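Naming: A, B, ... by sequence-line order, numbering from 1 per chain. Just so it is clear, the model here is predicted, and its values are computed rather than measured.
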Amino acid sequence: MDAKIYPVDPDAFAGWDGTIAGARRLQRELAARVRLVDDFAPPRLIAGVDVGFEEQGTITRAAAVLLDAQRLVPQAEVLVRRPTTMPYVPGLLSFRELPALLEALRALPEVPQLVYVDGHGIAHPRRLGIAAHLGVASGLPTIGVAKTILVGTHAPLGESRGARTPLLDGGTPIGTLLRSKDRVAPLIVSPGHRVSLATAPELVLRALTRYRLPEPTRLADRLASQREAKAAARRR
DNA sequence: GCGACAG
DNA sequence: ATCTTGTCGC
């Protein structure tokens, strides 16, 4: 049976019975609420969110960083730590990370016009990756920026920065592979909510500097994974 | 039934 | 994701 019951967060999982099968049913329902049309104000403030773990995975760390959309300079950052409630199950990432992520996002001093999420948007088996789920749960425009493919196929991609090719699932476009830097593995970009398939990669390009990851998710990733503290501790 | 499988 | 040293390349 599907006996195991997980904690249900009313904000992100209203109506979920706590089971794995129920999680997949809820994803199909929520996917119908995803809007793939550009519907956001010209970004003045953008945010990046990501999750990391401590204590053998028993503690979840969610980070949210607010940045000036024009200069890509951080304006504020939030880090929340909570007990981990669910294991990682491919396709159900949001059920493990979304509650903490929403808490971090809500704690930011201002509401961003656009949120960059570490993970897929609609490039998901049931079209509800964590970026799409965060979008419908918060109502905010979101973009998914993942480092590897979960589902879909694609044609060969050019080696230079800016090269791109569609990510397809049974012939249907679900995202874009985007080379953000020469000779580095491409980013898999897909819309989360209130952003179109064509605009998503453009918004990622605008948030790039000299690294593979766009600034919002790069900074959130560093904070969530304690890059700073770990590097310092290891040097001693 | 046998693989694949975001973070 | 996390555990981890050195090493290759711009």
Side-chain angles (χ1 to χ4, degrees), chain A residues 6 12 20 23-24 27 30-31 34 48-64 79-102 104 115-135 142-154 159-161 167-170 174-193 200 204 209-214 216-218 220-236:
Chain A
Y6 298 101
I20 296 298
R24 297 196 177 103
Q27 288 186 319
L30 296 179
V34 171
V49 296
D50 189 23
V51 166
F53 298 89
E54 297 176 16
E55 308 299 312
Q56 288 79 235
T58 58
I59 299 298
T60 296
R61 294 168 56 95
L79 176 68
V80 304
R81 301 169 69 256
R82 339 175 38 169
T84 299
T85 61
M86 245 195 86
Y88 166 66
V89 178
L92 299 183
L93 181 66
S94 62
F95 288 76
R96 171 175 164 87
E97 307 185 341
L98 198 48
L101 231 38
L102 285 171
V115 182
Y116 291 71
V117 185
D118 186 88
H120 292 106
I122 63 168
H124 175 280
R126 289 168 294 282
R127 305 292 181 267
L128 195 82
I130 189 165
H133 197 158
L134 173 57
T142 61
I143 295 179
V145 181
K147 295 177 282 298
T148 63
I149 294 173
L150 172 60
V151 62
T153 59
H154 64 86
E159 286 299 308
S160 55
R161 176 188 170 117
L167 175 63
L168 311 168
D169 185 17
I174 56 174
T176 305
L177 270 78
L178 175 65
R179 188 88 64 185
S180 56
K181 200 171 177 240
D182 289 357
R183 288 175 293 287
V184 296
L187 297 178
I188 296 78
V189 180
S190 63
H193 185 52
V204 169
T209 58
R210 61 179 301 200
Y211 306 95
R212 178 161 86 119
L213 297 178
T217 52
R218 190 180 74 83
D221 182 82
R222 293 183 61 96
L223 180 56
S225 300
Q226 291 180 290
R227 286 292 149 53
E228 220 74 330
K230 284 185 179 178
R234 187 170 168 291
R235 284 177 53 189
R236 271 179 287 167

Below the 4.0 Å mark, does C/dA1 have OP1 or OP2 next to a side-chain nitrogen or oxygen of A/K147? yes
Rounded to whole Å, the CG-C1' distance (A/L101 to C/dA1) equals 14 Å
Counting the atoms with a prime plus P, OP1 and OP2 as sugar-phosphate, which does A/L92 contact under 4.0 Å by heavy atoms, base, sugar-phosphate, or nothing? base
Qualifying residue, where the test is salt bridge (charged side-chain N to carboxylate O under 4.0 Å, His left out) with A/E159 and the options are A/K181, A/R179, A/R183: A/R179
Spacing of A/D169 atom CG relative to B/dC5 atom C1', expressed in whole Å: 14 Å
For A/R183 and A/G52, take the nucleotide of DNA chain C holding the closest heavy atom to each; which residue's nucleotide lies nearer the 5' end? A/G52
Checking all strands, does A/D50 fall into the base, sugar-phosphate, or nothing category for heavy-atom contacts under 4.0 angstrom? sugar-phosphate
As an exercise, state the distance from OG of A/S190 to NE2 of A/H124, rounded to the nearest 0.5 Å. 10.5 Å
Select base, sugar-phosphate, or nothing to describe what A/I149 touches, counting heavy atoms under 4.0 Å on all strands. sugar-phosphate
OP1 or OP2 of B/dC5 under 4.0 Å from side-chain N/O of A/T148: no
Classify the nucleic acid contact of A/G57 as base, sugar-phosphate or nothing, counting any heavy atom under 4.0 Å across all strands shown. nothing
Would you say A/S94's side chain and A/I130's backbone share a donor-acceptor pair under 3.5 angstrom? no
Stacking check A/Y88 vs C/dA1 (5.5 Å / 30 deg): no
Applying a 4.0 Å non-hydrogen cut-off, can you work out what A/G129 is touching in the nucleic acid: base, sugar-phosphate, or nothing? base
Between C1' of B/dA6 and CZ of A/F95, the distance in whole Å: 14 Å
Side chains of A/R161 and A/V184 in contact at under 4.5 Å (non-hydrogen atoms): no
Distance, rounded to the nearest Å, where A/L93 contributes CG and B/dC5 contributes C1': 12 Å
Is there a side-chain contact between A/Y6 and A/I20 (heavy atoms, below 4.5 Å)? yes
If I take atom CG in residue A/L134 and atom P in nucleotide B/dA6, what distance separates them, rounded to the nearest angstrom? 19 Å
